[in-house]
*Asks:* 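Before I ask anything, let me first share the structure, which is written out below as structure tokens.
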Amino acid sequence: MSATEQDRQNEQQRVETVVAEISKRISELKEQVKVVSEDIVGIRKHFWDDVTVNFEDATEAIETYVSIKQQAEVLSERERSHRHALHQLRTMQRLLHSPYFGRIDFREETEPRSERIYLGIASLLDKNDEHFLVYDWRAPISSLYYDYSPGPAQYDTPSGVVSGEITCKRQYIIRDGKLLHMFDTGVTIGDELLQEVLGKQADSQMRSIVATIQRDQNRIIRNEKSRLLIVSGAAGSGKTSAALQRVAYLLYRYRKTLTAEQIVLFSPNSLFNSYISTVLPELGEENMQQTTFQEYAEHRLGDDFRLEDPLEQMEYVLTAKDQPDYAARLAAIRFKSSTLFLQVMDQYAKRLMQAGIVFRPIVFRNRTLISAAHIHELFYALDTSLPIPNRMSLVARALLAEVKQLERRERTQPWVEDEMEMLDKDAFAAAYQQLRRKKQFREDSFDDFDREQELLAKRIVKQHFQPIRDFVAALQFIDTKATYEQFYANPQLLGQLLPDEQSQIPEAWPAICSMTLAQTKQAQLAQEDIPPYLYLQERLEGQQTNNLVRHVFLDEAQDYSAFQFALIKSLFPRAKMTVLGDWNQAIYAHAFHNESFGTVASLFEPQETETFVLTKSYRSTLPIVQFTRQLVEGGERIEPFNRAGLVPTVTKVHNRDALAKQIEERIQKLLANGHKTIAVITKTAAEAEQAHERLASRMPIRLITTSTLSYDTGCLVIPAYLAKGVEFDAVIIYDASSASYSEESERKLFYTACTRAMHELHLYYCQEKTPLLAAVSADSYEHLETDQ
């Protein structure tokens, strides 16, 4: 038997030993979960049987309280034990399938021999709890596996740096207790393992990448110092995967002080949230909070406005080019999302410190109790050097005092007596008992009736004035909408606020002002108006802050405006921020002239910021990356991973019916080749509906829309902007003709659609192919033409 065969046999024996230990733990944990579960059921069932209840005197009441507290603590302890055992059981069940994926032999400087370190998704101790059979991939020593090749190496621990030498670095593919492959490797995770993992078919949800984390990704995952971490990476470079592993690492590293609820991910849409929802549970961690900026905006403004969705805006930009106000709308989108317009809103807010804020009157029963002019006078009588929110708080306090006086006067109004007469017996009796409990009613007094009427009047008026007190306390006397509209009512105001930037004011500014006012008058906010409106609202009312959140992740950050970055930074003032994006996928109109993350970086100190650039693309095969990188400027910097595959095809068809037939035939071939997820990607939602209608009559295929919350494996039709961040086994570009993709501004959308493909990419067109393919060399794809 050769040394290699002996080595493999030894490794297989170790796999079997570890699997046997895991199986034993699973059996023990199942029994423990069962026993604890029965205990909990018993305690809940007989909770009051074991509690002595007696409230006859203070001593007995105290004993009753102590008895209840003790029983509740027993129940709480059992429930904690059950959760802990169940968590361990699920972890062991995950380890059983694949107990570990890597090994390093590391010899510390002070030790004569190397120690074998096996890495998996969780730690596993031997039966005596003395030695690690498997180390968690997030443990400090595990970083050696990702960062070093055999030779000198070191890793950080809480007590300092440990130096030594890696004498062996090995990777495994283990499935259901069987060692399928093993190979030694160098500095990065070996091509063999990546080939095996990346060569698989895509699922409907993202997978964990802990077995294939690369060195740069590991530095991102384990970064603990930076307040702002910027990750700029090519399509398929593992940005989102690394971010999710970073969440898992942070929860492990700070498990005593950090919970999943203290981490927030802002993602592009709800479909993407579903796509990534299994990664953290797969690693034994709870999912962090997931939201979108649109959901946050709906929470803040949804009661007052109908808010345009960002995908509605995208659809408008792509389909409304023939409308007369299209150019003005496009200029509005770009200008209102710029850093310059952020400065404009800051200047406008400074002007409002001196004059101009619009207030609402305080109205009761169709009568003005306190006029808007009076509130205006109160506000501007205060020291103008004080911040606006501080002055608003002082005004609110003064208004509440005035409301209290007005409330007293209101008790003698005729409507109060009318309402007393309308009280039914139950309401009258309840009021009577309430007054007695407050000892405001004297049974032996000759003016009982008068006192009763007086107290009932007080109670009725107080109840009716409560909404007014709430109105004032919530600062609703500020008319933010009118103050925002006031800015657009005078188009010349912009020039006054930007005396040195006249050349950057859009020519269409007067038209933009008219368009904005027409929408706000109908209680609608365009997507480009939502962030500046929220920003102005915060400058007037004060920041809405969440001090509990410690980490914020922004995915697809190239689509965020200056206002959005500033708002999220102010919303979570104590949080560190991880920003992920790819400017080649900046598909929204406002991002076309912005090519860096300088906007968000300006919100932090330079020494607090660290930037990582990921240029290697792992998602797609070598031929697909060689094709797609020619679509964008600077694409030569994108490094393809050397995974073989078929070259993309570009097929000319003669009409729409032939197109549907050709796509159907292509899909059947793809399915026969074992591909599980096949996406027909269109430019717009309207085109997706048309494509689905043509294809659904021929085969089962699902339409993905903005309201779709998740998707399964299979065939689907999806607009390009909804496919961002998601990957598919095979992608079919429904219409790559010049009639569909003709503008340079659509290049990044086209690139985004093509880079969703993992294994196969096929483009179809009628008449002429898109000019966006002009720079793509003819030998990087196969050109086909149908006879139909």
Side-chain angles (χ1 to χ4, degrees), residues 269 292-338 341-342 344-345 348-349 352 356-363 366 368 372 471 474-494 505-541 544 561 563-564 567 588-590 684-686 705-707 721:
N269 52 59
T292 64
F293 188 85
Q294 186 72 9
E295 287 173 355
Y296 168 68
E298 288 285 355
H299 170 70
R300 291 286 301 275
L301 303 175
D303 292 339
D304 301 319
F305 293 97
R306 189 265 172 191
L307 305 183
E308 182 186 40
D309 186 271
L311 299 179
E312 285 182 71
Q313 184 199 72
M314 169 65 70
E315 196 73 17
Y316 174 88
V317 170
L318 294 174
T319 62
K321 295 176 183 177
D322 296 332
Q323 293 190 14
D325 59 350
Y326 180 80
R329 176 75 196 278
L330 205 60
I333 292 170
R334 292 177 176 172
F335 185 59
K336 290 182 181 180
S337 304
S338 67
F341 199 64
L342 177 62
V344 169
M345 282 292 112
Y348 183 50
L352 293 175
I357 297 176
V358 183
F359 294 97
R360 294 190 184 97
I362 297 174
V363 178
N366 298 320
T368 299
F471 179 89
L475 305 182
Q476 289 182 303
F477 54 86
I478 307 171
D479 195 338
T480 306
K481 178 175 176 285
T483 306
Y484 189 70
E485 289 174 336
Q486 181 179 256
F487 172 77
Y488 296 97
N490 178 11
Q492 287 72 39
L493 180 57
L494 179 60
I505 297 176
E507 290 183 12
W509 181 245
I512 292 171
C513 290
S514 298
M515 191 187 310
T516 305
L517 288 172
Q519 288 181 318
T520 57
K521 295 297 183 186
Q522 296 177 26
Q524 297 177 5
L525 276 184
Q527 176 62 208
E528 63 270 20
D529 278 296
I530 295 170
Y533 188 95
L534 281 168
Y535 188 78
L536 179 64
Q537 187 179 59
E538 288 216 339
R539 294 299 301 266
L540 296 179
E541 298 179 11
Q544 299 279 330
S561 70
F563 286 101
Q564 288 171 302
L567 283 165
Y588 288 93
H590 66 260
T684 66
T705 67
T706 54
S707 60
Y721 50 76

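Predicted, not measured: the structure shown is a model, and the values here were computed from it.
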*Asks:* After noting the C-alpha distance and the side-chain angles of Val358 and Gln486, does the key distance pass the side-chain contact (heavy atoms from CB on, under 4.5 Å) rule?
*Replies:* CA-CA 9 Å; Val358 183; Gln486 181 179 256; 3.7 Å; yes

*Asks:* Over all heavy atoms of both residues, which pair between Leu567 and Pro531 is shortest? Give the atoms and the distance, please.
*Replies:* CD1-O, 3.6 Å

*Asks:* Please report the interatomic distance CE(Met345) to CG(Leu536), rounded to the nearest 0.5 Å.
*Replies:* 6.0 Å

*Asks:* With rounding to the nearest 0.5 Å, note down the distance linking NZ in Lys481 to CG in Asp304.
*Replies:*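 Reported to 0.5 Å precision, the distance equals 9.5 Å.
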
*Asks:* What heavy-atom pair brings Pro506 and Ile512 nearest, and what distance separates the two atoms?
*Replies:*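 Between these two residues, the closest heavy atoms are CB-CD1, 4.3 Å.
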
*Asks:* Ala320: what forms a side-chain contact (heavy atoms from CB on, under 4.5 Å) with it, not counting sequence neighbours?
*Replies:*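 For Ala320, the residues satisfying side-chain contact (heavy atoms from CB on, under 4.5 Å) (neighbours in sequence not counted) are Tyr316, Gln323, Tyr326.
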
*Asks:* Measuring only between side-chain heavy atoms, which start at C-beta, is Ser561 closer than 4.5 Å to Tyr588?
*Replies:*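 They are not in side-chain contact.
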
*Asks:* Once side-chain hydrogen bond (donor to acceptor under 3.5 Å, both in side chains) is applied, do any residues pair with Thr520, and if so which ones, sequence neighbours excluded?
*Replies:*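 Scan of Thr520 (side-chain hydrogen bond (donor to acceptor under 3.5 Å, both in side chains), adjacent residues dropped) gives Glu485.
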
*Asks:* Can you name the side-chain contact (heavy atoms from CB on, under 4.5 Å) partners of Pro510, sequence neighbours left out?
*Replies:*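 Result, side-chain contact (heavy atoms from CB on, under 4.5 Å) vs Pro510: none returned.
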
*Asks:* Run the side-chain hydrogen bond (donor to acceptor under 3.5 Å, both in side chains) test against Thr292 and tell me which residues pass, sequence neighbours left out.
*Replies:*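 Partners of Thr292 under the side-chain hydrogen bond (donor to acceptor under 3.5 Å, both in side chains) test: none.
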
*Asks:* Ring pair (Phe, Tyr, Trp, His ring centres under 6.0 Å) with Phe335: which residues, sequence neighbours excluded?
*Replies:* Phe341, Trp509

*Asks:* If you apply the rule side-chain contact (heavy atoms from CB on, under 4.5 Å), what do you find for Leu494 with Phe487, and how did you get there?
*Replies:* CA-CA 8 Å; Leu494 179 60; Phe487 172 77; 4.2 Å; yes

*Asks:* What residues form a side-chain contact (heavy atoms from CB on, under 4.5 Å) with Arg300, not counting sequence neighbours?
*Replies:* Tyr296, Leu534, Gln537, Glu538, Gln544

*Asks:* Is Asp529 close to Gln519 at the side-chain level, that is, under 4.5 Å between some pair of heavy atoms?
*Replies:*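 Yes, side chains in contact.
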
*Asks:* Determine whether Leu352 and Arg539 satisfy the following criterion, side-chain contact (heavy atoms from CB on, under 4.5 Å), listing intermediate values before the conclusion.
*Replies:* CA-CA 10 Å; Leu352 293 175; Arg539 294 299 301 266; over 6 Å; no

*Asks:* Test of understanding: with side-chain contact (heavy atoms from CB on, under 4.5 Å), list the residues that count as partners of Ala372, not counting sequence neighbours.
*Replies:*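 Residues passing side-chain contact (heavy atoms from CB on, under 4.5 Å) with Ala372: Phe359, Pro361.
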
*Asks:* What is the distance from atom CD of Glu295 to atom CG of Asn269, rounded to the nearest 0.5 Å?
*Replies:* 10.0 Å

*Asks:* Which atom pair, heavy atoms only, marks the closest approach of Ala297 to Ile530?
*Replies:* CB-CG2, 3.6 Å

*Asks:* Ring pair (Phe, Tyr, Trp, His ring centres under 6.0 Å) with Tyr533: which of Phe305, Phe563, Tyr348?
*Replies:*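 Of Phe305, Phe563, Tyr348, ring pair (Phe, Tyr, Trp, His ring centres under 6.0 Å) with Tyr533 is met by Phe305 alone.
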
*Asks:* Do any side-chain atoms of residues 308-315 form donor-acceptor pairs under 3.5 angstrom with protein atoms, and if so which ones, sequence neighbours left out?
*Replies:*
unit_1, atom_1, unit_2, atom_2, d
Glu308, OE1, Arg329, NH2, 2.7
Glu308, OE1, Gln527, N, 2.8
Glu308, OE2, Arg329, NH2, 3.3
Asp309, OD1, Leu311, N, 2.8
Glu312, OE1, Arg306, NH1, 3.4
Glu312, OE1, Arg306, NH2, 2.9
Glu312, OE2, Arg306, NH2, 2.9
Glu312, OE2, Asp309, N, 3.0
Gln313, NE2, Glu528, OE1, 3.0
Glu315, OE1, Ala685, N, 3.1
Glu315, OE1, Tyr721, OH, 2.3
Glu315, OE2, Ala685, N, 3.0
Glu315, OE2, Ala686, N, 3.3

